[in-house]
Amino acid sequence: MDLIIGVALLILVLALFTLFTFKAPKGRETMGAFADASCATLLVEAFLNSFVGNIFDADFFSEVGMAAGSMGGAAAACMIPLALGASPVAAMLCGAATFGLGILPGLVAGYTCYWILQYIEKKLPAGLDLLVMIIVVAPLARFIAIASEPVVEAALLNIGKSIEASSNAAPAIMGIIVGGIMAVVSSSPISSMALSAMLGLTGLPMGVTTMAVFGSAFVNWMTYRELKLGGPRESLAVFLEAKTQVDLTSANPLPVYLADFIGGGLCGLVVALAGMVNEASSTATPFAGLAVMFAYNPAMKVVIMAVACAVIGLVTAFVSAKCFKNYPINRLDDIQEEADSKEAEGVSSEAYYAHQAS
């Protein structure tokens with residue numbers, strides 16, 4: 001029951017994030033900046049503190065990692081307005097005001113305050129606008145973050161706890177479902193790393209997530225290669241970081257996401273049965289996440305599971321690509337040709353209206 005509740009709520013959260021990404025004003029840019037903030041803080045904390053600091057007993061690196069992790073909310077509240085077009089001073093003002101708070105409240109504060117900043121910067125003269133930002137926006141940013149923190153974080157952490165509770169009763173089923181879902185998320189516009197951090201996943205579910213995301217890198221490489229979605233450059237790019245090719249992936253959701261779900265689910269099953277754990281909740285990224293796994297599991301076990309997940313990913317994607325060989329594919333050349341055509345149409349329309357006006 002815990003697994004059913006947790007997965008149902010997780011799917012609901014993913015649906016809301018997807019809706020926000022594609023339908024909210026500047027939603028995609030916001031989620032991109034949110035993922036960047038997670039990389040700059042939570043991933044640094046996980047890698048330097050959990051991996052370098054713990055394995056090599058390097059206190060300095062642990063200190064750097066913890067310092068970076070404490071900036072999660074501040075980084076999100078700063079980078080989101082900056083990415084959306086606010087001035088660096090205004091963006092940093094929002095970030096500094098939310099220091100010490102979580103990354104998701106930072107998202108809420110940064111996105112909300114951006115629109116207020118836009119209004120202030122447009123309506124007030126230089127100098128006065130900065131004074132208003134200091135008096136109004138900085139306190140407001142912190143108030144919004146504090147007000148949203150118990151609501152958003154409690155809801156997401158409860159989902160994570162439901163999934164973790166199910167790992168003892170039904171680890172295999174949990175591995176298949178969570179591994180499949182997180183592998184798909186890793187290739188979508190939503191940040192799997194930020195999502196796993198927000199859910200507070202640890203232990204077996206986080207181990208499943210990390211290795212499923214690692215396996216999805218091989219799934220994506222083989223899928224791109226066999227279906228010829230792009231050239232060697234795109235295949236390598238999606239292997240190293242799936243987010244770099246999110247537009248091409250989104251243009252072919254069925255073959256890519258289905259292969260990711262099956263491959264991630266099989267990887268999750270194997271990892272769950274092997275009992276691999278990960279106590280760093282922000283490491284749902286292919287290669288840095290794999291490195292962190294060495295901090296919590298025997299090295300040989302990690303190597304064996306990494307090879308197993310790579311093989312599962314390659315075989316799954318190869319078979320899936322053969323099944324989709326007659327499926328209409330939107331390749332890179334097709335997308336670029338369509339974009340060029342729309343651009344040309346836009347230029348022609350502008351020229352026409354300019355001629356009419358003259």
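Throughout, numbering of the chain's residues begins at 1 and tracks the sequence.
Crowding of F287 atom CZ: a count of heavy atoms from other residues, nucleotides or ligands under 6.0 Å exceeding 12. Within a 6.0 Å sphere centred on CZ of F294, other residues, nucleotides and ligands contribute more than 12 heavy atoms.
S216 approaches A183 most closely through the heavy-atom pair CB-CB, 4.0 Å. The minimum heavy-atom distance linking A68 with E45 is given by the pair CB-N, 4.5 Å. The two residues L204 and A272 make their nearest non-hydrogen contact at CD1-CA, 3.9 Å. Taking both residues in full, the closest heavy atoms of L93 and M133 are given as CD2-O, 3.7 Å, listed atom of the first, atom of the second, then distance. Annotation for I144 and C113: closest pair CD1-SG, 4.2 Å, computed over non-hydrogen atoms. The two residues A321 and L227 come nearest to each other via the heavy atoms O-CD2, 3.7 Å.
The shortest side-chain heavy-atom distance between K26 and W115 falls under the 4.5 Å cut-off. Counting only heavy atoms from C-beta outward, the side chains of S320 and I262 never approach each other to under 4.5 Å. Residues Q118 and E121 form a side-chain contact, since some pair of their non-hydrogen atoms from C-beta on lies under 4.5 Å apart. In this structure the side chain of L248 reaches within 4.5 angstrom of the side chain of N252, judged on heavy atoms. Contact of the T30 side chain with the Y114 side chain is not registered, since no non-hydrogen atoms from C-beta on lie closer than 4.5 Å. In this structure, the side chains of S281 and L199 stay at 4.5 Å or more apart for every pair of heavy atoms. Side-chain contact check for N297 versus V277: some heavy-atom pair is nearer than 4.5 Å. In this structure the side chain of L314 reaches within 4.5 angstrom of the side chain of W221, judged on heavy atoms.
One hydrophobic cluster holds both F56 and L290 under the rule that ILVMFWY side chains link at heavy-atom gaps under 4.5 Å. One hydrophobic cluster, built from ILVMFWY side chains closer than 4.5 Å, cannot hold both V271 and V219; they sit in different ones. At a threshold of 4.5 Å between side-chain heavy atoms, the hydrophobic network of Ile, Leu, Val, Met, Phe, Trp and Tyr places L12 and M182 in two separate groups. Both M300 and V270 are part of a single hydrophobic cluster, where members link through side-chain heavy atoms under 4.5 Å apart. I80 and L16 fall into different hydrophobic clusters, where Ile, Leu, Val, Met, Phe, Trp and Tyr residues are linked whenever their side-chain heavy atoms come under 4.5 Å apart, directly or through other members.
One distance of note links OG of S38 with CG of L195; it measures 10.0 Å at 0.5 Å rounding. Atom CZ in F20 sits 10.0 Å away from atom CZ in F34 (nearest 0.5 Å). Atom CG in L130 sits 10.0 Å away from atom CD1 in I120 (nearest 0.5 Å). With rounding to the nearest 0.5 angstrom, the OG1 atom of T202 is 10.0 Å from the OH atom of Y296. Atoms CE and CG, from M71 and L101 in turn, are 11.5 Å apart once rounded to the nearest 0.5 Å. Taking CD1 of I181 as the reference point, atom CD1 of I176 lies at 12.0 Å (rounded to 0.5 Å).
Distance alone, capped at 3.5 Å, is enough to place a donor-acceptor pair between the R331 side chain and the K228 backbone. R142 contributes a side-chain N or O that, together with a main-chain N or O of F99, makes up a donor-acceptor pair within less than 3.5 Å. Without hydrogens or angle criteria, S70 side chain to A67 main chain gives a donor-acceptor distance under 3.5 Å.
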- [ ] Test E234 against L229 for side-chain contact (heavy atoms from CB on, under 4.5 Å), laying out the working first.
- [x] CA-CA 8 Å; E234 286 71 33; L229 298 184; over 6 Å; no
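Defined by atom type and a distance below 3.5 Å, a donor-acceptor pair is missing between the side-chain atoms of S196 and T209. Side-chain contact annotation: Y224 with T249, donor-acceptor N/O pair under 3.5 Å present.
Ring centers of F318 and F218: at least 6.0 Å apart, outside the cut-off.
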